[in-house]
Structures are given as C-alpha cells and as structure tokens.
Amino acid sequence: MNIKKFLPFLIPILSFVVIALAYFSPVLEGKELFQSDIAQFRGMSKEVKEHRAEFQEEPYWTNRAFGGMPTYQLSTYYPHDYIKKVDSLLRFLPRPADYLFLYFLGFFVLLSVLKVEWKLAFIGALGFGFSTYLIIILGVGHNAKAHAISYMPMVLAGLILVFDKKYLPGFVLTAVAMALEINASHPQMTYYLLFAVLIFGIIYLIEAFKERRLPEFAKQIGLLLIAVILAVGVNATSLLATKEYADHSTRSQSELTINPDGSPKEISSGLSKEYITQYSFGILETFDLFIPRFMGGSNNEKLDKESYTYRFLKDKAGRKQALNFAENAPMYWGDQPIVAAPPYIGSVLIFLFVLGAILIKGPMKKWLIAATVFSVVLSWGKNFNLITNFFIDYVPLYNKFRAVSSIQVIAELAVPVLAILGLQKFLSEKTKKEERLQAIKWAGISVAGLALFFTAFGANLFSFESFRDAGYENMLAGLSDILIEDRRTIFFQDSLRSLIYVVITACLLWLFLTNKIKRNIVIGGVLILVVVDLVVVDQRYVNKDDFISKSRLEKPFDLSPMQSEILKDKGHYRVLNFMVDPLNDGSTSFFHNSVGGYHAAKPRRFQELYEFQIARNNIEVLNMLNTKYFVFPGENNVENVQLNQEANGNAWFVEQIEFVDTANEEIRALDSLDTEKRVILTRDYESLLEGRSFMKDSTDTIVLTSYKANEMIYQTNTSSDQLAVFSEIYYKDGWNAYLDGELIPHMRANYVLRAAMIPEGNHELVFKFEPKVIQTGSVISLISYGLLLLIPMGWYLRKRKSNNSPTDKKGPTDKNESIQVI
C-alpha cells in the first residue's frame, strides 16, 4: 500500500482530532461542558433513563412534563436504527469535541469533492468549524442542531459528486450523509439545507437548459431522489413518530379560534407569526458576520476593569458588585430577546469570500452567493416582512419552525466554501496575474474600506441604545449612558480588529503575487489568520470556565429541602413549581411529575389548557391534573411548598356529562367545571354513551395499583356502571385501554384527560402505550437498509462486469467528460 497516497487525508483527519480535543481540552480531564439546554433535557428525560435501566425497554412516553407526552423528540432509541451506529463511529471523541470534529471532517469532504488542494481544504474546514455560531450552539446545548449542521457539507458533497458524473460514489455519499443528517433529528436545520439544495438545483437546471443537457439533468435528479428516499426510509421510525407527534404539538394548527381573552385567534397551520419571528436578525446586525461585536456581542459580555461600566459602578456600588456586573454586562443592543454570541464568520473569510466572488466563474459561484444572500435575507424575519410573510403564508412547512435567524447557517457554510475556492484560484499559476491583481485590489478596497469606514465613523453613526436600557437606568441613574459608552468602545475595537485582519491577509496575498514570499508561506499565514481570528472570538463565549465535573453534569439540579419533603410522598401525583417559569423548566421534571416542562414543541392542547385555565389559577383544572403540591416563592424569595388536599387523585367517577360541539366550547366549559362531579366530552363520543346514566356510590372505588411510564394498572370495584376520568393525558395515537384483558374504547375528557366506562363489579383496567408507528417504521427501515446495500452492490458488480466485457473496453469515464461544477 502506498501510504503517501493517503497522507493528504490522514494528516488533516488526525489534525482535526487533535485540534478538537485541544480546543475542548477539559474533556481530557474528564470534565464536560455545561450546556443549559442539556441540563433541561436531563430533567425532561430523567424518567426515560430510569425506565430503560429498570425495565430494559423504551417507554416512548414520559409523565414528567406537561402532564405527559411522547418521548419521540426527547430521548428515544428506535429499533433497527443502524445509521445511528454509523454516527456513533464518527463521533468517537468525547462531547463536544465530537461535534467539532464532525464540523471539520464534513467540510473537508465537501472541499475535497470540489477538488480543493488538501492544505486549503484544511483551512476551510477549520474556518467552518470555528465559526462562532457553530461554537456557541455547543455552548448552550443545541446539540441536535450542531449535529445536523455537521452533516450538511457531506450531503452537499454527495450532490456535487452526482452532478460531476461520479454517480456511484455520489449516490452512496448522498444516501448515507442524508441518512445521518435526518438521524441527527433537527428537522429545522434539515429543512434549511433543503433550501440550499433547491437553489443549487435551480441554478444547475438553468445551466442544463442552456447547454441542452436536460435529459442528463433529469437523470441526476432522479438518482438523488432515490438516494434521499432511501435516507428517509432508514429513518422511517423516527420520522413517522415525529410527524405523528407534530400533529399534536404547538407546531400544528390549533382547533381553537379564540384567544384566552375571547378575541379572535390568528388562524395558522403552524406557529403564530409573532412566535416564528421572535428571533429575527436585525438588518444592521448582518454586519456581525464581519465585525463580531458590531451589535454589542451578547447579553452577557465580559468587560475589564478599564471599562466605563466597571469604573462607574465601582464608585457607586463597590468593587465586588462592579466586577460582577461588568463580567456579565448587557452589551447587546439589538432587538432579539436573548443573544449568547454574535454569528461571526470571520473577517479573513469574508475578505476571501469577496475575492472568490470576483475570481470564480460559473454556476458554483452563483449558487454560493445566491444561498448566502437568501439565508441572510430570510434571517431578517420580521425586519423584512415582505419576504418573511410570503414564506410563512405560502412555503410549505416554513411556519413549523421558529427562530428564523438560524437560517443564517447556510451563509455560515457557503461563505467559507467560496472563500477557499477563491483562495485556491488566486494561488493557482493558471490564473493570470492581472486577474489576481484586480481581484485583490477590489476585494481589498471593498472589504477593508468597509472596516475602515466603521472604524473611523461608526461610533458616531448609531445610538447604541438597547430597549432594556430604561430598566438599567431605573436601577441606577446614569448607568444606561455608561453602558452606551462601552458599547461604542467595543464597536470601535472590533471594527479596527477586522480592518487589521483584512489588511494583513491582503498584504500576504500581495506579497505572494509580487513573488516576495512562497506559496506555502501564504497558506501557513492564512491558516494562522483564519484560526486566530475565529478562536479568539469563540473563546469569549465558550472556554474552559464552562466545563464542570461529570458527576455535577449528571445531576444538574440541586434538590431543595422543600422538594425533598415532597419526595417522601411515594404516590403518583404532579407538582406545579412557581419558583421557575413552569412552561420553560426541566428542573422540576428532574425530581417530580411536573405540570410544566421544557420543550420546543409542547403538546398543543396542554399549552392551550395552561394559557386558558392554569395561568388564570383555575384550581379545579389543577385538581383534575392531580396537582398535589405547589412550590412557590415566599418572603425573600424563600421556597415554600403547599399541599393541595383537593387534588382529584389518579382517577375518579363522575355522574354528569356535558357534551360540546367545538374546541372553543370544550375549553371554555372548564371555566366553571366541578371536575369531581362533571366531565366535558365532545359529541364525537355521544353515541358511545347514548342512553347511559351514571350514579356515583360512595363505596365505589378505582385505585392505581401499578405505575410505569408506559403502563398504568387500575383496580375497580363498583356496584353499577361508572364513567371514570383519569388524571392522565389523552393521546390517541398510542394509548390503549384494556378491561380484564379486552381492548375497550376510551375518550378524551376535559380537553386533555382520558375517560373510560367501567362496568359494575371488580375489574382490572390497564392503560398501555403501544404506538403502532414504531412497528410500521421498523418494517420500512429494514426494507430501506436492504435496498441501500443491494443497489450500490448490484450497481458496482454490473459496472465491473461491463468494464471487463471484451466488447466494451472503453474504460472508466474520462475525467474530461465530467461537467465542470466549479
């Protein structure tokens, strides 16, 4: 074996391992990155983890949050999920170094497919992986998002191979990378990738039309479609489960046509426009891609003792308080609610991107620029309603996702690709000197000129005022003015910083062009500039201080004395915690079955129940949810616990039924409902109960005798037929009721709960969560895996046989026959 042939791949890949571990070096000491979202996730998934350990099975349901919900988007292992094993092989490093490694690897594969020299592909991979947005999402725990982004370049690499007539490797890479992309389970990122692919397809369709290659184009598209269908097929179980739950979540259309105050509700098949665009990138904020703290950076910037803020507060509140405030200073002055870091792509890469836009010709450049512009414009969200509203109203599925600003990941990917293609062309001897001179001249003038403009005049152009400043002014007179001075200062510093990086990069290229330095020195210099430029900014937001011990990570929440008292109650009940925001809290779920929870796609009916009833302190609704304990802040914010002795318990019999026609009537009927005596049902169940009446007897009993997350067993003893209401959440796609082993129908009651008829006598009623979607998905997955193996194998054997045929000795396709993709 000629090892030298593989060195251009081995050296970068081994370097990626070392660099990923070096950047997150505390993982080598056994520490783990504290990720706020993952801490919440651990709370939400605690019951699932315990269930797996005790029963050696997947529950697919948890009662720890929102009264109860499927675990499809929480923590689920699906049967026959072999693509996850492939993913595990690639993510062999400790977290989060594994994701950083995947960023590097995927981008290196993409640039290699684009025939970029390995040294330059190495620079591009580091430039992509160290992009600040990609680092900060690891810092806050958006692991699924990072995971999906890391496979985007590989999907595009497969696509490009197919369009370069490398059909077999292109088909395999597209199918496998797409399967990994879907398996990462972040539909929003995969959806955004689809936009990038569609733009690619449109541009190459136009090219094919011009060159009269439409049949060939159709063949390539057909091949890619088969690859994607197989990728979808191997992920069938998770996709079907996600689709099923989506119809029950806040991402689906509400049946309500009114708001809690009775006003008409905005009708939408997905989320509301306000919620979708809550996180919209400001138009001016776009300059964050080039100047990291153009808009102030984050909500919690670390300022030093020379800052205006520290010096001001030191005199007013003392050194300690001044230091505490200055280390988390609210420098961000944009309109987004929370910003953990600016999405800085890098001044060096932006300069090279412009250089590439001048030097590179053809459809590849058009695609990369179009994808960049498209993603930036859509990231503006409510700040550019003309486009955003069109997409929300008319583009399928666009209204299923919030935080539209995150579509900028397409620009994060496209900019470094064109930057490295441009650098390669600049360094190529085939490129005319005059052409390179013009490119560096105009790229330098435009990019360095922009940085110089903001350095010289920017501090006087903007107000640097935040909508939060009034609160700080109320806290301490004069504080808002001081904050503005610091925002102005860091704006100037970072503008100057970007200017310096661009000028140094331009000088390096000019020295090469004038034969003052060698090619490898330029490559080494650009490598250092790209990495230092990005890593220094990254370290402001994710660094060694964010790592904690593994044991602490496993138990991210402390058990308070009051909550410890609650845990002495070994019954099955729920807790409502007002010490936190109940609808954005995983900490309570870590210890108890919580009325609240933390999830981006909450159960829609439960969210509506909260808004219409719980938020209005309807105690009867809390009783029917078996809310036995309330945790609330007392004097001096000290935690208090209150026992609710009126909670209805796990199940009870009712004697009055009120039928309603619409969801509006259903939820409004809860306003004054005596939940122990009456029940609200829709007319869908009227025929089931026709002619029946129920009379409660004080001796009748229904008792929960066995509890598992996915199975609850009740014993009943009644002297007549009864209608039982259960404090468990109704979910038609999975929960089945068995009376003495026989499947019986059950109903949705009181908007979110379950109800069932119980005949007289002694009986055992069992609720089991048996989602059919798991079985259906498993069959589809197995068939897809089979095809994914057999199609390439058969293709390869047929091709080999054809090549060995004496009548067909033309040999493999000549490289010159490949279409020029760049």
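As the structure is a prediction and not an experimental result, all values here were calculated from the model.
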Distance, nearest 0.5 Å, that separates OG of S405 from CD of E285: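 The distance works out to 8.0 Å.
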Nearest 0.5 Å please: distance from the CE atom of M295 over to the CG atom of L284.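 Here the rounded value is 5.0 Å.
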Identify whether the distance between the nearest side-chain nitrogen and carboxylate oxygen of [X] and [Y] falls below 4.0 Å.
X    : Y    : answer
E666 : R748 : yes
E274 : K382 : no
K677 : E655 : no
K772 : D733 : no
R605 : E255 : yes

When you measure from the centre of the six-membered ring of Y275, is the NZ or CZ of R402 under 6.0 Å away and within 45° of the axis?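 Yes, R402 and Y275 form such a contact.
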Step by step, work out the side chain to side chain donor-acceptor pair (under 3.5 Å) result for N63 and Y707. CA-CA 11 Å; N63 290 300; Y707 170 81; 2.8 Å; yes
Parallel, tilted or perpendicular: which one describes the rings of [X] and [Y], with boundaries at 30° and 60°?
X    : Y    : value
Y191 : F401 : tilted
H746 : F767 : perpendicular
W735 : F769 : tilted
H599 : Y245 : perpendicular
F195 : F374 : tilted

For F467, is the CZ atom crowded, meaning more than 12 foreign heavy atoms sit under 6.0 Å from it?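 Count over threshold, so yes.
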Around atom CG of L567, are there more than 12 heavy atoms from other residues, nucleotides or ligands closer than 6.0 Å?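 Yes, CG of L567 has more than 12 neighbouring heavy atoms, counting only those of other groups under 6.0 Å.
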Intermediate values then yes/no, salt bridge (charged side-chain N to carboxylate O under 4.0 Å, His left out), E608 and K602: CA-CA 10 Å; E608 290 164 348; K602 301 174 179 65; over 6 Å; no
Ring centroids only, cut at 6.0 angstrom: are Y573 and Y629 within range, meaning strictly under it?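 Ring centres of Y629 and Y573 closer than 6.0 Å.
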Under 3.5 Å side-chain donor-acceptor pair for Q188 and T190: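 There is no such pair between these side chains.
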Is there a side chain to side chain donor-acceptor pair (under 3.5 Å) between N577 and D585? Walk through the geometry before answering. CA-CA 9 Å; N577 187 354; D585 163 54; 4.6 Å; no
Checking the side chain of R251 only, and the main-chain atoms of K400 only, is there a donor and an acceptor separated by less than 3.5 Å?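 Flag set: sc R251 to bb K400 pair under 3.5 Å.
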